[in-house]
There are 4 protein chains.
Amino acid sequence: MEFDIKEIEKDAPLPLYYQLKAIIKNQIEEGKLKPDEPIPSERDLMDMYNISRTPVRQAINELVVEGLLRREHGKGTFVASKKISQSFWRI
Amino acid sequence: MEFDIKEIEKDAPLPLYYQLKAIIKNQIEEGKLKPDEPIPSERDLMDMYNISRTPVRQAINELVVEGLLRREHGKGTFVASKKISQSFWRI
Amino acid sequence: MEFDIKEIEKDAPLPLYYQLKAIIKNQIEEGKLKPDEPIPSERDLMDMYNISRTPVRQAINELVVEGLLRREHGKGTFVASKKISQSFWRI
Amino acid sequence: MEFDIKEIEKDAPLPLYYQLKAIIKNQIEEGKLKPDEPIPSERDLMDMYNISRTPVRQAINELVVEGLLRREHGKGTFVASKKISQSFWRI
DNA sequence: GTGGTCTAGACCACA
DNA sequence: GTGGTCTAGACCACG
């Protein structure tokens with residue numbers, strides 16, 4: 001698993017969660033995060049970007065809803081296996 | 001000893017331990033588990049419901065506190081003998 | 001709030017949670033922790049004693065059952081307000 | 001970590017724990033198990049040799065006393081780091 | 001950023 | 001071979 005810690009701009013006009021969401025989404029689409037691989041834990045993301053829990057969870061939540069990520073309680077958050085379900089629900 | 005393996009819903013809004021607690025409680029109250037009979041071991045409950053030991057122990061713990069179960073180290077967990085103690089502690 | 005970080009002995013015959021429970025209990029009874037004051041967070045206690053969350057929670061759980069502590073989700077764990085409830089439940 | 005599952009003879013005149021102890025000792029001395037490496041868990045050893053918990057623990061206990069193994073609660077049992085302590089205590 | 005729940009293990013103490 | 005304790009994490013629900 002690779003995870004680039006690109007920058008988040010705290011003064012940017014874009015919400016923190018939105019920037020983080022874009023970063024994660026990018027890494028999935030670029031293939032740096034592969035299906036069924038774990039992404040960094042919520043706590044790690046908080047520390048990596050020095051942001052609080054709220055934007056981290058909002059970013060992940062939306063990516064889960066969009067079908068790009070899958071959470072497993074007590075285990076972690078993973079890149080979704082297939083993009084089928086994603087496009088299915090997006091209709 | 002009979003023990004029905006009703007279903008636990010992993011996506012339910014109710015915690016796993018709470019669902020398991022309700023199942024055990026139910027079987028005691030329906031008389032499927034009788035006083036002084038053993039319930040399945042913690043490891044068996046883990047396997048039966050495909051859950052981890054933590055929710056199993058929490059379910060049992062609470063039923064012990066409520067006076068419905070009694071643990072015996074090295075021997076097992078049993079349905080409490082009388083309901084007297086139970087109602088006694090309930091005020 | 002004062003909290004003395006007395007020692008926990010990892011090789012002691014007493015379980016870690018039991019030692020921690022005694023430490024907290026002591027400080028309440030000595031008045032170093034006063035009613036409605038918060039005790040250190042679970043994660044702080046983990047760090048202070050270099051132990052895992054399990055014994056920390058077990059120590060606190062038992063003190064809650066004994067009426068010495070009160071938890072507030074999202075806020076913290078506090079010394080119980082009165083000792084009345086405590087002795088009440090003790091019979 | 002390598003661990004050869006040599007045979008244990010259940011009908012042998014030697015106690016099970018003694019045979020297991022010899023097997024583990026052998027693998028440490030042959031260097032198949034290296035310092036600070038974990039040995040198989042107690043449960044795994046039970047399953048590997050189809051023996052009960054008692055001989056497994058007795059074998060490990062004695063190797064701990066002899067300074068060849070070191071236990072870490074909740075983590076595992078490891079080959080001792082140095083043989084110094086071992087010979088030290090053996091005097 | 002707390003407490004609440006859970007995973008997936010391990011060793012320990014008691015029959 | 002049970003229940004008891006512990007490790008080292010994770011995500012969840014609530015401020």
Side-chain angles (χ1 to χ4, degrees), chain A residues 38-47 51-54 56-57 60-61 64 69-78, chain B residues 10 13-20 38-46 50-61 64 69-78, chain C residues 10 13-20 38-46 50-61 64 69-78, chain D residues 38-47 51-54 56-57 60-61 64 69-78:
Chain A
I39 69 169
S41 76
E42 296 182 356
R43 176 154 296 275
D44 284 346
L45 290 169
M46 287 166 67
D47 293 344
I51 57 181
S52 82
R53 167 163 250 91
T54 308
V56 170
R57 283 188 63 80
I60 296 176
N61 279 341
V64 167
L69 296 178
R70 156 179 46 94
R71 292 195 219 247
E72 297 187 26
H73 197 164
K75 293 203 279 197
T77 302
F78 303 83
Chain B
K10 296 220 172 182
L14 292 172
L16 300 179
Y17 83 88
Y18 193 87
Q19 296 182 60
L20 177 55
I39 68 170
S41 77
E42 297 183 355
R43 284 164 184 82
D44 283 348
L45 290 170
M46 288 167 67
N50 199 32
I51 59 181
S52 195
R53 200 169 168 193
T54 305
V56 169
R57 281 186 64 79
Q58 182 161 356
I60 294 175
N61 279 341
V64 167
L69 296 179
R70 155 178 46 95
R71 291 194 214 255
E72 297 188 25
H73 192 174
K75 296 205 279 193
T77 301
F78 303 82
Chain C
K10 296 221 171 181
L14 293 171
L16 300 179
Y17 82 88
Y18 192 87
Q19 297 181 59
L20 176 56
I39 69 170
S41 77
E42 298 182 355
R43 284 162 185 82
D44 283 347
L45 290 169
M46 289 167 66
N50 200 30
I51 59 181
S52 193
R53 200 170 168 191
T54 306
V56 170
R57 281 185 65 78
Q58 182 161 355
I60 295 175
N61 280 341
V64 167
L69 296 179
R70 154 179 47 94
R71 290 194 215 257
E72 297 188 24
H73 191 173
K75 295 205 278 192
T77 302
F78 303 82
Chain D
I39 68 170
S41 76
E42 297 182 358
R43 177 154 297 276
D44 284 346
L45 290 169
M46 288 166 65
D47 294 344
I51 57 183
S52 82
R53 167 161 250 91
T54 308
V56 169
R57 282 187 65 79
I60 295 177
N61 279 341
V64 167
L69 296 179
R70 155 179 46 95
R71 294 196 219 247
E72 297 187 25
H73 197 165
K75 294 203 279 197
T77 301
F78 303 82

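Order of the sequence lines fixes the chain letters, A, B, ..., with proteins taken first and strands second; residue numbering starts at 1 for each chain.
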Roughly how many Å is it from [atom1] in [X] to [atom2] in [N], rounded to a whole number?
X	N	atom1	atom2	result
B:K75	F:dG4	NZ	C1'	16 Å
C:E72	E:dG1	CD	P	17 Å
C:F78	E:dT2	CZ	P	11 Å
C:I39	E:dG1	CD1	P	17 Å
A:D44	F:dG9	CG	P	10 Å
B:K10	F:dC11	NZ	P	17 Å
C:R70	E:dG4	CZ	P	13 Å
B:L16	F:dC12	CG	C1'	12 Å

Inset, instruction - Quick one: label C:T77 by what it contacts on the DNA or RNA (base, sugar-phosphate, nothing), any heavy atom closer than 4.0 Å. - result: sugar-phosphate
Inset, instruction - Have a look at C:S41 and say if it touches a base, only the backbone sugar-phosphate, or nothing, with a 4.0 Å heavy-atom cut-off. - result: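 The residue C:S41 makes sugar-phosphate contact but no base contact.
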If you take atom types as modelled and just measure distance, does the side chain of [X] reach the base of [N] with a donor-acceptor pair under 3.5 Å?
X	N	result
C:R53	E:dG4	yes
B:R43	F:dG3	yes
B:H73	E:dA13	yes

Inset, instruction - Inspect the surroundings of OH in B:Y18 and state if more than 12 heavy atoms from other residues, nucleotides or ligands are less than 6.0 Å away. - result: no
Legend entry - Neighbour count >12 (heavy atoms, 6.0 Å) for atom NZ, B:K10: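 Above 12, so yes.
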Legend entry - Along DNA chain E (nearest heavy atom to each residue), the more 5'-positioned of B:T54 and B:G74: B:T54
Inset, instruction - Report the residue (B:I51 or C:E42) whose heavy-atom-nearest nucleotide on DNA chain E is the more 5′ of the two. - result: C:E42
Inset, instruction - Evaluate side chain to side chain contact (heavy atoms under 4.5 Å, CB included) for B:N61 paired with C:N61, printing each intermediate quantity in order. - result: CA-CA 11 Å; B:N61 279 341; C:N61 280 341; over 6 Å; no
Legend entry - Over all atoms of both residues, closest heavy-atom pair of C:P40 and C:L45: O-CD1, 3.7 Å
Legend entry - Nearest heavy atoms of C:S52 and C:V56, plus distance in Å: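 Shortest heavy-atom contact: O-CG2, 3.4 Å.
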Inset, instruction - Return the nucleotide paired to F:dC14: Watson-Crick means purine N1 to pyrimidine N3 with N6-O4 or O6-N4, wobble means G-U with N1-O2 and O6-N3, both under 3.5 Å. - result: E:dG1
Inset, instruction - If F:dA8 has a Watson-Crick or G-U wobble mate with both distances under 3.5 Å, name it; if not, just say none. - result: E:dT7
Legend entry - Selection from E:dC12, E:dA10, E:dA8 that lies nearest to any side-chain heavy atom of D:R57: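 Nearest to the side-chain atoms of D:R57, counting from C-beta on, is E:dC12.
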Inset, instruction - Starting from the 5' end of DNA chain F, give me the residue, B:N61 or D:M46, whose nearest nucleotide shows up first. - result: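 The answer here is D:M46.
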